[in-house]
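Here's the structure, in structure tokens; my notes come after.
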Amino acid sequence: MSPECLFVLDHYNDYISGELAPEKISRVEDHIKACPNCEIFLGKFTRIHSRTVGLLRAPAPPALRKSISSLLEKV
Amino acid sequence: MNTKSENRLAFENEVMSNLDSMYRYALHLVRNQEDAGDLVQETCARSLKAADKFKRGTNARAWLFAIMRNIFFNQHRAKSKGEIPSDWTDEVESGDQRFTGSVWPQPFEMFLRDMMREDIDKAMAELSIDFRSVVLLCDVEGFSYADTAKILEIPVGTVRSRLHRARASLQKMLSQWFNEGLEANES
Ligand SMILES: [Zn+2]
């Protein structure tokens, strides 16, 4: 495992969170292009992550939306 | 009826556009749909009292979440620190949406989706409330680490480390499901 692999391991969570400085983003992305192991790892991680998060984004019930809307009208 | 102030209208707009997020956070706090609905109502009613002070560009969403959490702790645990942070005007990054979009276009997949939701809910329930909170705020709702730290009243470093550990736990619990369920389905 190269130092760049370790860099990715240290930073991929912040990368996914969008909390990484631009130069570090480039460093992660440059390495992923060059390293199949890291590419596979990060690809799998982000795939599970995005699907999990997507499924957790359930909407509010329509009845609640209605009652909040009328609460705002009234006051 | 009086004409509403511009601030007030902007505020109402924020409430309605953040309703899904507020409901999800309420559900996370109280764990049942009826109480979650009540908590959202109470949060809206409470925040309306301050609506005229609302300024465009304020991070209304973080503010609403902080109010909700405050009400919840007052009602359920009586250990709130009380004050809502006043500096909600900080810039907020909208969060990186690259990895968060829905990837389920076909109707056939509704079935799989429901099954997976159950597993994901179970996996989330396995996490402690501290870990679940950061997943919900950072990952599901897209708050920055800084805003999550403010809402939960914990240091940014704690947000980061909890989030990383929570994600690792979720991956561990769900990876088998995803590998089997999805790769078969994506061929
Ligand atoms: Zn590598």
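Each chain gets a letter, A, B and so on, in the order the sequences are listed, and its residues count up from 1.
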Practice task
Would you check if there is a donor-acceptor pair between the side chains of B/Q41 and A/S67 at a distance under 3.5 Å?
Solution key: yes

Practice task
Check whether NZ of the Lys or CZ of the Arg B/R61 lies under 6.0 Å from the centre of the six-membered ring of B/F143 and within 45 degrees of that ring's axis.
Solution key: yes

Problem - Straight-line distance of B/C44 SG to A/L64 CG, nearest 0.5 Å - result: 7.5 Å

Problem - Part of B/D119 within contact of chain A (heavy atom distance under 4.5 Å) - result: neither

Completion exercise
Residue from B/Q33, B/R24, B/R160 scoring the most non-hydrogen pairs under 4.5 Å with chain A is B/R24

Problem - Distance under 6.0 Å and angle within 45° of ring axis: B/R165 vs B/F131 - result: no

Handout entry: Engaged part of B/M22 at the chain A interface, taking heavy atoms whose separation is under 4.5 Å
Key = neither

